[in-house]
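Because the structure is predicted, anything quoted here is derived from the model rather than measured.
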Amino acid sequence: MADTKFDPFNDRTSRNIRNNLSSAFAESVRLRSPKLFRTCAEICLREATAESHVRYVQQRLQRYERAFREIESLDETNLLCAAIILWNHELFFEFHECIEMIWVHTDGSEHEALKGLIQAAGFHIHMERGCRRAALRLAKKASGHISDNRECLRCIANLETLIRGLDQGDSEPVKLEADPSAVCR
């Protein structure tokens, strides 16, 4: 088996693996059933053509299992609360997938607030890749959307800390705190 760098931004196979796994995981989170992401991981491992693909799937699967156990312990089936767990596990692409499931069914301020969260995840994805300039552009947009529509994100107790981190271009992700007294979508 050959080995190439796992790079979903420049390699189609890597991108397909990342996208398929993250979509399966987001759907598993929505359904509160791990079967979909486990099956997808098995298929990806069977079809892997490079060691880097195998390592990525194995590492992601371990992280998914840890995050999913935490999500299963939630009393509610709220997708935004589950997405906060993904953020805190630094599964930013998967966070983006889960938030997008909500975002497509919203409009107005809520749509803009969730767009900001998606962009905030993109900021961290770009920072992980070392693309600081693109990351900082996204951070600025994210901060604006979140700041202007913060009333829609009351379920994040430390939203101001997130906004400050984005404004400062802080590469260290803020651990989000869910506010159990606020209504999450």
Chemist: Just jot down the side-chain hydrogen bond (donor to acceptor under 3.5 Å, both in side chains) partners of Asn88, sequence neighbours excluded, or say none.
Modeler: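 Expected list: none.
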Chemist: With sequence neighbours left out, what residues match Phe95 under ring pair (Phe, Tyr, Trp, His ring centres under 6.0 Å)?
Modeler: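 Phe95 satisfies ring pair (Phe, Tyr, Trp, His ring centres under 6.0 Å) with Trp87 only.
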Chemist: Should the pair Tyr64 and Phe37 be assigned to parallel (<30°), tilted (30 to 60°) or perpendicular (>60°) ring geometry?
Modeler: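 Perpendicular, since the angle between the ring planes exceeds 60°.
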Chemist: Closest approach of Ala67 and Phe25, non-hydrogen atoms and distance?
Modeler: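 Heavy atoms only, the tightest pair is CB-CZ, 4.3 Å.
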Chemist: Output all residues satisfying side-chain hydrogen bond (donor to acceptor under 3.5 Å, both in side chains) with Thr39, sequence neighbours left out; order by chain, then residue number.
Modeler: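 Here no residue qualifies.
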Chemist: With rounding to the nearest 0.5 angstrom, report the OG to CZ distance, Ser33 to Phe68.
Modeler: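 Ser33 atom OG to Phe68 atom CZ measures 6.0 Å (nearest 0.5 Å).
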Chemist: Salt bridge (Lys or Arg N to Asp or Glu O under 4.0 Å) with Arg150: which residues, sequence neighbours excluded?
Modeler: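 If we apply the salt bridge (Lys or Arg N to Asp or Glu O under 4.0 Å) test to Arg150, skipping adjacent residues, the hits are Glu160.
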Chemist: Quick check: is Leu74 connected to Leu80 through a chain of hydrophobic side chains (ILVMFWY, heavy atoms under 4.5 Å apart)?
Modeler: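 Yes, it is one cluster - the side chains of Leu80 and Leu74 are joined through contacts under 4.5 Å.
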Chemist: Testing the basics here: between Gly116 and Ala142, what is the closest heavy-atom pair and its distance to 0.1 Å?
Modeler: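 What the structure gives for the nearest pair is O-CB, 3.3 Å.
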Chemist: Minimum heavy-atom separation for Phe9 to Arg18, with atom names?
Modeler: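 So the two residues come closest at CZ-NH1, 3.8 Å.
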Chemist: Report the distance from atom NZ of Lys115 to atom CD1 of Ile146, rounding to the nearest 0.5 Å.
Modeler: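 Between atom NZ of Lys115 and atom CD1 of Ile146 there are 12.0 Å.
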Chemist: Who pairs with Asp107 by side-chain hydrogen bond (donor to acceptor under 3.5 Å, both in side chains), at least two apart in sequence or on another chain?
Modeler: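 Expected list: none.
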Chemist: When rounded to the nearest 0.5 angstrom, what distance separates CG in Asp11 from OG1 in Thr4?
Modeler: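 It is 5.5 Å, given to the nearest 0.5 Å.
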Chemist: Side chains of His126 and Arg133: closer than 4.5 Å at any heavy-atom pair?
Modeler: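 In short, these two side chains do not touch, never coming nearer than 4.5 Å.
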Chemist: Search all heavy atoms of Ile17 against all heavy atoms of Cys44 and return the closest pair with its distance.
Modeler: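 Looks like CG2-SG, 4.3 Å.
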Chemist: Can you sort out the partners of Glu94 under salt bridge (Lys or Arg N to Asp or Glu O under 4.0 Å), two or more places apart, ordered by chain and number?
Modeler: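 Listed in chain order: Arg60.
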Chemist: How would you list, by chain and number, every residue that makes a ring pair (Phe, Tyr, Trp, His ring centres under 6.0 Å) with His89, sequence neighbours excluded?
Modeler: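 Listed in chain order: nothing, the list is empty.
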Chemist: I need the Leu159 CG to Ser147 OG distance, nearest 0.5 Å.
Modeler: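 Here the interatomic distance stands at 7.5 Å.
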Chemist: For a quick test of reading the model, state the closest non-hydrogen atom pair linking Asn158 to Lys175 and the distance between them.
Modeler: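 Scanning both residues, the minimum pair turns out to be ND2-O, 2.8 Å.
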Chemist: Which residues pass the salt bridge (Lys or Arg N to Asp or Glu O under 4.0 Å) test with Glu128, sequence neighbours left out?
Modeler: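 Testing Glu128 for salt bridge (Lys or Arg N to Asp or Glu O under 4.0 Å), a comparison that skips the adjacent residues, returns none.
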Chemist: State which residues pass side-chain hydrogen bond (donor to acceptor under 3.5 Å, both in side chains) with Glu27; sequence neighbours excluded, sorted by chain then number.
Modeler: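 Testing Glu27 for side-chain hydrogen bond (donor to acceptor under 3.5 Å, both in side chains), a comparison that skips the adjacent residues, returns Arg30.
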Chemist: Taking the six-membered ring for Trp and the full ring for Phe, Tyr or His, determine whether the centres of Phe123 and Phe92 are under 6.0 Å apart.
Modeler: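 Between Phe92 and Phe123, which both carry aromatic rings, the centre distance is not below 6.0 Å.
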Chemist: Could you list the residues that satisfy side-chain contact (heavy atoms from CB on, under 4.5 Å) with Arg132, not counting sequence neighbours?
Modeler: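 For Arg132, the residues satisfying side-chain contact (heavy atoms from CB on, under 4.5 Å) (neighbours in sequence not counted) are Met127, Leu136.
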Chemist: Do Leu114 and Leu153 have side chains that get closer than 4.5 Å, going by heavy atoms?
Modeler: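 The answer is yes; the side chains approach within 4.5 Å.
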Chemist: Examine distances only and state if a side-chain atom of Ser73 and a backbone atom of Glu70 form a donor-acceptor pair shorter than 3.5 Å.
Modeler: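 Present.
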Chemist: Are Val174 and Leu166 close enough, and set up right, to give a side-chain contact (heavy atoms from CB on, under 4.5 Å), and what steps lead you there?
Modeler: CA-CA 9 Å; Val174 170; Leu166 291 167; over 6 Å; no
Chemist: Nearest 0.5 Å, what's the CD-NE2 distance between Gln119 and His124?
Modeler: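 Output value for this atom pair is 13.0 Å.
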Chemist: Check for me, please, whether Val54 and Leu21 land in the same ILVMFWY cluster - side-chain distances under 4.5 Å, paths through other members count.
Modeler: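 Same cluster: Val54 reaches Leu21 through Ile, Leu, Val, Met, Phe, Trp or Tyr contacts under 4.5 Å.
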Chemist: With Phe6, which residues qualify under ring pair (Phe, Tyr, Trp, His ring centres under 6.0 Å), at least two apart?
Modeler: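 With neighbours one apart ignored, the set is His53, Tyr56.
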Chemist: With sequence neighbours left out, what residues match Glu65 under salt bridge (Lys or Arg N to Asp or Glu O under 4.0 Å)?
Modeler: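 Partners of Glu65 under the salt bridge (Lys or Arg N to Asp or Glu O under 4.0 Å) test: Arg38.
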Chemist: I'd like to know if the side chain of Ser143 and the backbone of Asp167 have a donor-acceptor N/O pair within less than 3.5 Å.
Modeler: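 No, because the side chain of Ser143 does not come within donor-acceptor range (under 3.5 Å) of the backbone of Asp167.
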Chemist: Within the side chain of Asn78, is there an N or O that forms a donor-acceptor pair under 3.5 Å with the backbone of Cys81?
Modeler: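 Yes, Asn78 side chain to Cys81 backbone: donor-acceptor pair under 3.5 Å.
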Chemist: Using the rule that Ile, Leu, Val, Met, Phe, Trp and Tyr join whenever any side-chain heavy atoms are under 4.5 Å apart, tell me whether Leu36 and Ile71 fall into a single cluster.
Modeler: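 Different clusters.
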Chemist: If I compare all heavy atoms of Arg154 with all of Glu151, which pair ends up nearest, and what's the gap?
Modeler: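 Heavy-atom minimum between the residues: NH1-O, 2.9 Å.
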